[in-house]
Number of protein chains: 2
Amino acid sequence: MVQRGRRSARVSGDERQDAILVTAEALLASRAFDDVSIEDLARGAGISRPTFYFYFPSKDAVLLALLDRVITEVEHRVGHLPRDFESDPAGAWTRSIGMFVEVFVSHRAVSTAAIGARARNDEVRGLWSRSMQSWVDFSSDVIRAEQARGAAPAGIDAHDLAVSLNLMNERVITAALNRESPAIAETAALDVLSTIWIRSIYGSDNPGGR
Amino acid sequence: MVQRGRRSARVSGDERQDAILVTAEALLASRAFDDVSIEDLARGAGISRPTFYFYFPSKDAVLLALLDRVITEVEHRVGHLPRDFESDPAGAWTRSIGMFVEVFVSHRAVSTAAIGARARNDEVRGLWSRSMQSWVDFSSDVIRAEQARGAAPAGIDAHDLAVSLNLMNERVITAALNRESPAIAETAALDVLSTIWIRSIYGSDNPGGR
DNA sequence: TCGGTTATCAACACAGTGTTGACTATCTCA
DNA sequence: TGAGATAGTCAACACTGTGTTGATAACCGA
């Protein structure tokens, strides 16, 4: 997906490339992206700084490659999300949001770095937006369907609602992961977010009430 | 509030300091914080780069000074927000959220830059968090009161709800201002956000229904 | 064993930040 | 009025990190 510095894929070269990615992910776990230099990545992969440029055109490209794997996973997961919201809407939403939370938590270093780089780098922004878009498309499809079958009240545009709720998830989860202030506890996130989604989609706590 | 490079406040010096702030705000309107160099700020204020350091210890300190004025305004505004939610809860929330939106829109350059710098700079993070906290305190007080008088259902922690909704506002508005994708139209924001707030606080579109 | 591709890095060029030290202008009170 | 103090200014320097060049070594297939 992401462009590399050579034509064919040989063994030793790929190992180096991988070593850079592994190093990057490891370093990002303990410090911010800005505080990791190309020198650090190169040293971690056992090469010199100029050699780094043989594998990646920039530090951002490394982040992009890491993000790329996360995005692929997200799109795969979202594609397999069940859409049977008729029988247990509240549960179904909670499970979907749970998957969103899970992706963030299991890739917290990359997520945090990507969100920081988004403002600066077009490609990161594009890639990130692709992944958010897949969540938004899923949710707005479902909301529209729920409104169509009369389970959810109209009075709000399904797309706008889906975008807002997904952006809320993004922000609330990053705040929790980074222990910002204000933020909510990581453990409370799923519960609180689900409640807001359900109330604002259905106008009630207990849609399709048992 | 923010520390300066000299002891007493003389005329010429203050004008210079102000010229730097004015330059910064002007440049931030057209390009990102990272793309504005200290050289640019100095030149804009009619001084050399070393002289810049006489007035501010760093580029971040300039942003901090700009942000400081915004934060002061926010705290003042929030302090004067009416708390009479009994007669017209929906309208009262919409007006409060409208003020939040207004602050962002009228200081979009500083807001965007501050959000970007937040990840990197402790002081910016602290100052930003102070302003978000004042919105959160206001909203969670009101939500708690609404729950106490039985207008809003319990079943969700008032503080966690307030934090989540305020973070949603922050994120949705910045996405709209920066024309990110996904995002909602700037003109739709107030309406969509209000609906989500009201539904998720009251579990209904029409609390205290007329 | 030769020619091309892969892989490597010392040395360089450059941009931006932050510091030093010397200099000038102004103000102050004797 | 004129000798310090203080405010204000900047050329020149030191440093850090990025990205580039060109020369060189290691390998691999014909």
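So you know, we letter chains A, B, ... as the sequences are listed, proteins then strands, and number each from 1.
- The nearest whole Å value for the distance from the CD atom in B:Gln17 to the C1' atom in D:dT9 is 16 Å.
- In this structure A:Asp137 satisfies the salt bridge (charged side-chain N to carboxylate O under 4.0 Å, His left out) test with no other residue, sequence neighbours excluded.
- A:Phe56 has its CZ atom 19 Å from the C1' atom of D:dT20, to the nearest Å.
- Applying the side chain to side chain donor-acceptor pair (under 3.5 Å) test to residues at least two apart or on different chains, the pairs with a partner in residues 35-47 of chain B are B:Arg31-B:Asp40, B:Ser37-B:Asp40.
- Defined by atom type and a distance below 3.5 Å, a donor-acceptor pair is missing between the side-chain atoms of B:Ser134 and B:Ser131.
- Per the geometry, CZ belonging to B:Phe52 stands 12 Å off P belonging to C:dT19, to the nearest Å.
- One finds a salt bridge joining B:Arg120 and B:Asp34 here, because a Lys/Arg side-chain nitrogen approaches an Asp/Glu carboxylate oxygen to under 4.0 Å.
- Side-chain contact check for A:Asn169 and A:Trp197: at least one donor-acceptor pair (N or O, by modelled atom type) lies under 3.5 Å.
- Using a 4.0 Å cut-off between charged nitrogen and carboxylate oxygen, A:Glu73 and A:Arg69 do not count as a salt-bridge pair.
- One can place CZ of A:Phe54 at 5 Å from C1' of C:dA7, the figure rounded to the nearest angstrom.
- For B:Tyr53 and C:dT20, the shortest distance from a side-chain N or O to OP1 or OP2 is not below 4.0 Å.
- Contact check of residues 20-30 of chain A against DNA chain D (heavy atom, cut-off under 4.0 Å) returns no residues at all.
- Near DNA chain C, meaning a heavy atom under 4.0 Å away, the residues from residues 35-49 of chain B are B:Ser37, B:Ile38, B:Arg49.
- Residues meeting the salt bridge (charged side-chain N to carboxylate O under 4.0 Å, His left out) test with B:Glu180, sequence neighbours left out: B:Arg171.
- In terms of phosphate contacts, B:Arg16 brings no side-chain nitrogen or oxygen within less than 4.0 Å of OP1 or OP2 of D:dA7.
- One finds no side-chain N or O of A:Thr51 lying less than 4.0 angstrom from the OP1 or OP2 phosphate oxygen of C:dA7.
- Taking 4.5 Å as the limit, some side-chain heavy atom of B:Phe138 sits within range of a side-chain heavy atom of B:Ser96.
- For the residue pair A:Ser139 and A:Asn166, a side-chain donor N or O sits within less than 3.5 Å of a side-chain acceptor on the partner.
- Non-hydrogen atoms lying under 4.0 Å from DNA chain C are contributed by nothing in residues 113-123 of chain A.
- Taking the charged nitrogens against the carboxylate oxygens, B:Arg118 and B:Glu170 do have a contact shorter than 4.0 Å, which makes a salt bridge.
- Taking atom OH of residue B:Tyr55 and atom P of nucleotide C:dG18, one finds them 18 Å apart after rounding to whole Å.
- For the pair B:Asp34 CG and D:dT18 C1', the computed distance is 14 Å after rounding to whole Å.
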